[in-house]
*Asks:* 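Structure incoming, see below.
Along the sequence shown, residues carry numbers from 1. The figures that follow rest on heavy atoms only: side chains count, while hydrogens, waters and symmetry mates do not.
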Amino acid sequence: RPGTVVFDKTGTLTSGTLEVTRVVSLSQFSRPELLSLAARAETGIDHPIARAIVAAAGPNGPGGLRFARKAVGADASGKSVEVAGIAPPDDCQACAATLEVRLEGVAVGQIFLDDQVDPDVAPIIGHLRDQGVRLQIATGDAQTPALSIGRTVGLKAEEIAADLSPLEKADLVRALAPPVVFVGDGVNDAPAMAASDCSISVHRAHAAATANASVAILDGGLERVREAMSIAGRYRATGRSNAALALGYNAIVIPLALMGAMSPLLAALTMTASSLLAIANSLRAGKARSLGISIGRDQPDPTP
């Protein structure tokens, strides 16, 4: 029956390859100096924002730590450096992310990032809506860029939940009427993926997300989600037909055997035939691997 599909935003509905588009200094630091300072907090972190900062500035220092809405590190003298997400200004309402760089808690600059919407998103959103599936975005990004992405792919404002921590994403999933499918790509999606009835990782997902997902898209874009749901429908139909086959066998053959109308050998042969028929029926649905989709424990080990 139709349920709810919840999408993460960055890296799931978008390409996940953020780029630094603008740097604004609020202090004596130059643009390269601000990027270098931000890299002190973002170096060594596997996150779209961190990758964008490090790509623009180069790795710097021993690395930082990422929390729900910010990364924290230290400069060369040991002063604390924070890179935190903030609401975008009026002239950058559609920015994928707006970051504030803080040194010892004082804002010294802002960094603006942009991202591209995955071209497969709008068609899959339209298809799911036509099937009666409820749709939702759950993102840690600010409300304004989340609404911008939502409008682009055909989602309504009430279907977009923004500025959520990983645990708040999980709470949102639990609050929705089941069944709930969560589609994500990052380590920070793990609580929501665990809270959902079924979790799907996209092909560009972090290895940890792929390893923990119920279904892993190994190749291709979000159109694979539609194919995965089609496969699930075939498996469900196959399971029901196999159950009906088993019930039919028991309802017909067992009474005949008890009445002596069927020899034990013939009963055994029909039992074998029904089992083979069920296996053949199941094999018809076994198309997941050929589609670049891995289900459950059939996923490859993501570690090298």
Side-chain angles (χ1 to χ4, degrees), residues 2-18 47-49 68 85 94 96-97 115-206 208-210 212-218 220-230 232 293:
T4 303
V5 176
V6 182
F7 293 94
D8 172 50
K9 184 177 81 68
T10 304
T12 301
L13 297 183
T14 67
S15 68
T17 307
L18 299 177
H47 187 276
I49 288 176
D115 198 0
Q116 299 297 319
V117 177
D118 188 318
D120 292 332
V121 173
I124 186 64
I125 291 293
H127 171 77
L128 293 175
R129 198 182 293 284
D130 290 342
Q131 297 298 310
V133 176
R134 297 181 295 274
L135 300 166
Q136 182 84 50
I137 287 179
T139 178
D141 292 347
Q143 182 77 10
T144 301
L147 286 172
S148 176
I149 293 293
R151 285 193 296 268
T152 301
V153 301
L155 289 176
K156 306 170 185 174
E158 59 269 23
E159 295 173 326
I160 301 167
D163 202 28
L164 301 179
S165 70
L167 292 180
E168 287 171 337
K169 285 186 183 181
D171 290 338
L172 172 67
V173 168
R174 294 189 190 97
L176 295 170
V180 179
V181 176
F182 188 90
V183 185
D185 75 301
V187 175
N188 59 343
D189 294 326
M193 295 176 89
S196 65
D197 298 294
C198 175
S199 56
I200 300 177
S201 66
V202 296
H203 82 279
R204 49 184 169 263
H206 186 277
T210 300
N212 289 292
S214 307
V215 177
I217 307 301
L218 305 178
L222 277 180
E223 81 278 358
R224 297 296 196 191
V225 173
R226 176 167 56 184
E227 295 173 2
M229 295 180 73
S230 176
I293 298 170

*Asks:* Identify the heavy atoms of Pro178 and Arg134 that sit nearest to each other, and give their distance.
*Replies:* O-NH2, 4.4 Å
*Asks:* Work out which heavy atom in Ala161 is nearest to a heavy atom in Leu172; give both atom names and the distance.
*Replies:* CB-CD2, 3.9 Å
*Asks:* Quick one: list whatever passes side-chain hydrogen bond (donor to acceptor under 3.5 Å, both in side chains) with Ser199, sequence neighbours left out.
*Replies:* Ser214
*Asks:* Output all residues satisfying side-chain hydrogen bond (donor to acceptor under 3.5 Å, both in side chains) with Asp115, sequence neighbours left out; order by chain, then residue number.
*Replies:* Thr14, Ser15
*Asks:* Which atom names give the shortest non-hydrogen contact between Ala162 and Ala146, and what distance separates them?
*Replies:* CB-CB, 3.8 Å
*Asks:* Tell me the closest heavy-atom pair linking Thr210 and Ser201, and the distance in Å.
*Replies:* CA-OG, 3.5 Å
*Asks:* Side-chain contact, heavy-atom cut-off 4.5 Å: Phe7 with Leu128?
*Replies:* yes
*Asks:* Taking the side chain as every heavy atom from C-beta outward, state whether Leu155 and Arg129 have any pair of such atoms under 4.5 Å apart.
*Replies:* yes
*Asks:* State the CD-CD1 distance between Glu227 and Ile124, to the nearest 0.5 angstrom.
*Replies:* 9.0 Å
*Asks:* Would you find a donor on one side and an acceptor on the other, under 3.5 Å apart, between the side chain of Thr152 and the backbone of Ser148?
*Replies:* yes
*Asks:* With sequence neighbours excluded, give me every salt bridge (charged side-chain N to carboxylate O under 4.0 Å, His left out) pair touching residues 176-188.
*Replies:* none
*Asks:* Give the minimum heavy-atom separation between Ala138 and Val6, together with the two atoms involved.
*Replies:* CB-CG1, 3.7 Å
*Asks:* List the residues meeting salt bridge (Lys or Arg N to Asp or Glu O under 4.0 Å) with Lys9, not counting sequence neighbours, and say none if there are none.
*Replies:* Asp141
*Asks:* When rounded to the nearest 0.5 angstrom, what distance separates CD in Glu159 from CG in Leu147?
*Replies:* 11.5 Å
*Asks:* Sort out for me which residue in Val117, Thr139, Ile137, Val202 forms a side chain to side chain contact (heavy atoms under 4.5 Å, CB included) with Leu13.
*Replies:* Ile137
*Asks:* Would you say Val180 and Gln136 make side-chain contact, with heavy atoms under 4.5 Å?
*Replies:* no
*Asks:* Could you list the residues that satisfy salt bridge (Lys or Arg N to Asp or Glu O under 4.0 Å) with Asp118, not counting sequence neighbours?
*Replies:* Arg204
*Asks:* Closest heavy-atom contact between Val215 and Cys198?
*Replies:* CG2-SG, 4.3 Å
*Asks:* Output every pair passing salt bridge (charged side-chain N to carboxylate O under 4.0 Å, His left out) with a member in residues 162-181, not counting sequence neighbours, ordered by first then second residue.
*Replies:* Asp8-Lys169, Arg69-Asp163, Arg69-Glu168, Lys169-Asp189, Asp171-Arg174
